[in-house]
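Structure first, commentary second.
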There are 2 protein chains.
Amino acid sequence: MGTFRKTPDRGDVDAPSPESIDRDSDEPVYAQLVRIIRRQVADGVLRPGDQLPSEAQLCRRYGVSPMTVRRVVNILSDQGIVVGEQGRGTFIRPVELGDASFQLQRLQDLVGGDQPASVRLLQATIVGADRKTAEKLGCVPGQRLIYMRRLIEAEAGPVCYHVEYLVYDPARPVVEAEIATTSLQGLFGGPGQPLIKHGELSIEAVLLGDDEARLLQAPPPAAGLRIEHLFFAYDERPMSWGWFLCRGDRLRFGSRVGISQEHLAPEGKSVDEP
Amino acid sequence: MGTFRKTPDRGDVDAPSPESIDRDSDEPVYAQLVRIIRRQVADGVLRPGDQLPSEAQLCRRYGVSPMTVRRVVNILSDQGIVVGEQGRGTFIRPVELGDASFQLQRLQDLVGGDQPASVRLLQATIVGADRKTAEKLGCVPGQRLIYMRRLIEAEAGPVCYHVEYLVYDPARPVVEAEIATTSLQGLFGGPGQPLIKHGELSIEAVLLGDDEARLLQAPPPAAGLRIEHLFFAYDERPMSWGWFLCRGDRLRFGSRVGISQEHLAPEGKSVDEP
DNA sequence: CACTATAGCTTCCCTATGGAAGCAGATATT
DNA sequence: AATATCTGCTTCCATAGGGAAGCTATAGTG
């Protein structure tokens with residue numbers, strides 16, 4: 001590693017005098033301090049490799065207790081803005097491409113967001129599991145499954161095509177209700193019994209099949225985003241398997257890395273203890 | 001909302017007696033407690049909607065101080081496992097599809113990971129900005145840019161095709177070095193001056209063009225994952241624009257939601273203060 | 001000179017304590 | 001009976017203080 005400057009000398013940046021804590025604000029002290037330091041990073045006052053003032057210094061400079069400063073540093077570390085090295089110091093972390101993360105929340109917003117897209121149930125029948133499906137769901141071939149196909153439409157047209165296999169279990173009444181309604185609640189954590197314990201997701205780009213392209217009103221050949229999901233029930237057995245097929249030109253996930261000057265929104269990053 | 005049970009009665013689950021804190025362990029107390037509670041969620045002892053024991057109760061039960069318990073709850077909240085409601089209690093949060101997040105780290109691993117794929121520089125010339133590129137980079141058309149094309153190959157064959165436009169600035173020596181090397185350092189936060197302040201990423205599915213398909217050795221028509229990136233320098237001006245084009249069948253992002261019984265790995269989630 | 005000990009800094013952990021704000025149910029009042 | 005108040009719980013915030021472990025540079029020792 002190179003040498004670190006404790007007091008970076010930047011003639012090109014007019015560093016504003018350090019903001020101070022407002023004791024009367026509704027915003028908690030720790031949040032204020034987090035915001036202040038983030039601002040300094042956003043303004044380029046603090047740059048990657050620079051050493052953050054030591055915790056003791058921060059205590060004196062802002063007049064807060066050590067515990068509060070500790071918490072602030074923890075949060076900044078969780079946010080990936082800063083990295084602490086035991087015995088050496090805390091340093092501003094350079095931006096990496098790998099910091100970017102794409103949240104599936106966008107897909108959820110699309111269904112239940114501000115202008116909730118309509119969900120049309122195309123089919124819902126009981127079928128026997130074929131080989132591949134049985135393998136995915138960890139059941140025997142021929143096992144009775146609920147087969148569902150849905151189409152999610154926005155104003156501009158169809159966006160997403162959803163296929164799902166549900167293990168048929170008469171003891172789970174919610175499944176019946178879920179078929180009845182055309183919404184995707186259950187998958188999206190609406191009301192009702194929590195059935196899903198955990199799930200495995202994957203995302204990839206695929207070529208749309210003829211049927212799929214027709215449903216999505218995309219002239220073939222067309223590309224789509226395929227989001228596969230496998231959910232497990234509380235007995236740790238697979239409960240549902242399916243995938244979303246989204247028109248590539250109508251669904252797009254975005255992400256930010258680093259801190260821009262305008263949007264001071266937090267970025268999802270690793271948590272406190274790996 | 002329905003009614004919450006403080007002491008859930010589950011005959012089907014043999015709840016083990018609550019693990020206790022090992023004072024001599026290297027693992028910090030707060031981390032142990034986080035692990036213990038995560039385990040209880042994984043084992044189904046605690047289920048969505050259930051109320052976590054109050055902080056005071058946790059203090060007594062595990063013999064730790066309130067501040068430590070507070071920290072534990074904070075971490076669990078950051079991880080999206082629990083949600084606290086002021087004055088009411090802390091409750092286990094149900095799993096939602098939107099929790100899933102796909103980390104671009106996978107792409108970074110692909111380049112600089114265990115078996116580092118080779119990066120071949122196909123082209124590196126200076127061009128004038130066309131209209132679209134000028135718009136993206138916020139410069140005038142005709143502006144001198146460095147145009148680069150790279151191919152990332154794994155053992156199985158080409159995986160990723162990378163195109164990038166860099167604003168030409170003689171005052172930035174690193175750019176010269178970056179062209180010389182075939183690696184993608186600079187983009188991936190290798191050594192050298194930190195140039196990138198922040199960036200905007202997006203991911204979508206596209207149809208590969210003929211040239212692209214040929215380079216990636218995919219018989220057209222083929223789908224690909226397109227990861228676009230726009231990076232900003234410290235003067236807040238766009239510095240580079242480009243995109244990765246990855247064969248859909250050779251790059252796949254995965255994610256987990258909820259806590260499975262085996263893998264007790266943490267999941268990326270929102271941070272402390274939004 | 002080469003090597004070792006030490007002092008002073010750093011991050012990091014944990015405790016004990018006090019108080020604010022919010023919710024819910026019981027009690028008292030109108 | 002309906003309304004208001006109060007009490008006990010909850011999550012949260014912040015403080016003060018102590019100690020462990022790790023790094024680094026200096027002073028001391030062979």
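Reminder, nothing fancy here: chain letters follow the sequence lines and each chain counts from 1.
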* To do: Please report, rounded to the nearest Å, how far the C1' atom of dC12(D) is from the CG atom of Leu58(B).
  => 15 Å
* Asked: If only side-chain N and O atoms of Arg88(B) are considered, is one of them under 4.0 Å from the OP1 or OP2 phosphate oxygen of dA24(C)?
  -> yes
* Scan Val64(B) against the nucleic acid and name what it touches under 4.0 Å (heavy atoms): base, sugar-phosphate only, or nothing. => sugar-phosphate
* What is the distance, rounded to the nearest whole Å, between atom CD of Gln86(B) and atom P of dG22(C)? -> 6 Å
* Is the ring centre of Phe231(A) less than 6.0 Å from the ring centre of His198(A)? -> no
* Could you grab the distance from atom CD1 of Ile227(B) to atom SG of Cys160(B), nearest 0.5 Å is fine? => 6.5 Å
* To the nearest Å, give me how far apart CG (Asn74(A)) and C1' (dC12(C)) are. => 9 Å
* Structure fact -> For Glu55(A), the salt bridge (charged side-chain N to carboxylate O under 4.0 Å, His left out) test, sequence neighbours excluded, returns Arg70(A)
* OP1 or OP2 of dT10(D) under 4.0 Å from side-chain N/O of Ser54(B) -> yes
* Asked: To the nearest Å, how far apart are Ile75(A) CD1 and dC12(D) P?
  -> 13 Å
* Check: Gln103(A)/Ser101(A) side-chain N/O donor and acceptor closer than 3.5 Å -> yes
* Write down the distance between CZ (Arg71(B)) and C1' (dC12(D)), rounded to a whole number of angstrom. => 17 Å
* Does Arg70(B) put a side-chain nitrogen or oxygen below 4.0 Å from OP1 or OP2 of dC12(D)? -> yes
* **5′-ward residue of the pair Gly63(A)/Gly87(A) relative to DNA chain D** => Gly63(A)
* To do: Quick one: label Pro66(A) by what it contacts on the DNA or RNA (base, sugar-phosphate, nothing), any heavy atom closer than 4.0 Å.
  => nothing
* To do: Return the value, rounded to whole Å, for the distance between atom CG of Asp26(B) and atom P of dA21(D).
  => 9 Å
* Atom-to-atom span, CD of Gln32(A) to P of dC13(D) - whole angstrom -> 12 Å
* Does OP1 or OP2 of dC13(D) have a side-chain N or O of Thr68(A) closer than 4.0 Å? -> no
* Would you verify whether the NZ or CZ of Arg237(B) falls within 45 degrees of the ring axis of Phe232(B) while also being under 6.0 Å from that six-membered ring's centre? => no
* With respect to the side chain of Glu55(B), which nucleotide from dT11(D), dC13(C), dC13(D) is positioned closest? -> dT11(D)
* What nucleotide among dC14(C), dC12(C), dT17(C) has an atom nearest to a side-chain atom of Tyr30(B)? -> dC14(C)
* Rounded to whole angstrom units, what separation is found between the CZ atom of Phe91(A) and the P atom of dT11(C)? -> 9 Å
* Quick one: is Ser65(A) getting a side-chain N or O under 4.0 Å of the dA16(D) phosphate, OP1 or OP2? -> no
* **Any Arg23(B) side-chain nitrogen or oxygen under 4.0 Å from OP1 or OP2 of dT15(C)** => yes
